[in-house]
Amino acid sequence: EVQMVESGGGLVQPGGSLRLSCAASGFTFSAYWMSWVRQAPGKGLEWVANINQDGSERYYVDSVKGRFTISRDNAKNSLYLQVNSLRVEDTAVYYCAEGGGVFNMRGQGTLVTVSS
Amino acid sequence: EIVLTQSPGTLSLSPGERATLSCRASQSVSNNYIAWYQQKPGQAPRVLIYGASSRTTDIPDRISGSGSGTDFTLTISRLEPDDFAVYYCQQYGRSPHTFGQGTKVEIK
């Protein structure tokens with residue numbers, strides 16, 4: 001069974017940083033594109049970033065370019081999102097997803113709250 | 001960026017009725033790369049349909065997707081209690097991959 005466990009979220013002040021992690025299991029992690037998708041409280045879904053199988057290709061939504069960095073460790077079946085220079089509008093639940101275009105989200109997400 | 005507009009915002013129906021959800025794109029979606037997701041409160045979204053009309057594993061055939069170009073539809077032929085949720089369409093034909101704002105299907 002495909003499972004993803006996101007962690008690393010929390011309350012942070014504007015301008016702060018966090019490192020989000022996703023531990024994946026139940027599929028051949030190294031064979032798939034992976035993505036992060038976020039959802040602000042009570043709002044819709046937004047694709048944030050994706051990364052190809054070996055990490056050589058990475059893409060971001062414009063609003064996070066230069067502030068967020070997606071990475072992966074295939075030996076640990078793990079996906080990461082380094083989030084820097086956080087803004088109030090980055091407040092959201094962040095979901096890890098298998099896939100680069102169609103997003104298979106199987107975790108509960110991790111909540112990032114940006115507030116002073 | 002491709003903007004997806006879903007309608008209606010809320011659909012109030014009874015179990016057993018047919019639900020028709022619309023998703024209109026601001027420009028043609030290449031290869032009809034449209035996915036549909038279902039989200040229930042407190043849960044992650046679940047993929048129902050990809051490629052506009054292909055069902056993912058375990059999705060019953062009373063749920064179907066159709067459309068091409070800029071107009072896409074998700075149809076639930078006979079609503080069951082488990083179907084009352086929020087539904088999102090999403091395009092993955094061009095980056096950034098964008099979602100519609102969602103349609104809530106509620107019990108009438």
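The analysis underlying the following values was restricted to heavy atoms, covering all of them including side chains, and did not include hydrogens, waters or symmetry mates. In what follows, every chain begins at residue 1, and chains take the letters A, B, ... in the order their sequences are listed. Remember, predicted model here, so these are calculated numbers, not experimental data.
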Side chain to side chain, B:Y37 and A:M105, heavy atoms closer than 4.5 Å: yes

message: Need one label for A:D62: side chain, backbone, both or neither, based on atoms under 4.5 Å from any heavy atom in chain B.
response: neither

field: Side-chain heavy atoms of B:P96 within contact of A:Y60, under 4.5 Å
entry: no

message: I'd like to know whether CG of A:D54 has more than 12 heavy-atom contacts from other residues, nucleotides or ligands below 6.0 angstrom.
response: yes

field: A:Y80-A:L20 co-clustered via ILVMFWY side chain contacts under 4.5 Å
entry: no

message: Could you measure the distance from the OG1 atom of B:T98 to the CG atom of A:L45? Nearest 0.5 Å is fine.
response: 11.5 Å

A:K76 atom NZ, over 12 foreign heavy atoms within 6.0 Å: no

message: Ignoring hydrogens and geometry beyond distance, is a side-chain donor-acceptor pair present between B:Q39 and A:Q39 at under 3.5 Å?
response: yes

- request: Would you please test A:V37 and B:F99 for side-chain contact (heavy atoms from CB on, under 4.5 Å) and show each step?
  value: CA-CA 10 Å; A:V37 175; B:F99 289 86; 4.3 Å; yes

statement: Closest non-hydrogen contact found for A:V102 with B:Q90 is CA-OE1, 4.4 Å

query: Cluster question for you: counting only ILVMFWY and a side-chain heavy-atom cut-off of under 4.5 Å, with indirect links fine, are A:F29 and A:V5 together?
result: no

field: Nearest heavy-atom neighbours spanning B:A44 and A:G107
entry: CB-O, 3.2 Å

message: Hydrophobic clustering (ILVMFWY, side-chain heavy atoms < 4.5 Å, transitive) - are B:I107 and B:V86 grouped together?
response: yes

- prompt: Shared ILVMFWY cluster between A:Y95 and A:V2, side chains joined below 4.5 angstrom?
  reply: yes

task: Look at atom CZ of B:R55 and say whether more than 12 heavy atoms of other residues, nucleotides or ligands are closer to it than 6.0 Å.
output: yes

query: Is there side-chain contact between A:F103 and B:Y92, with heavy atoms separated by less than 4.5 Å?
result: no

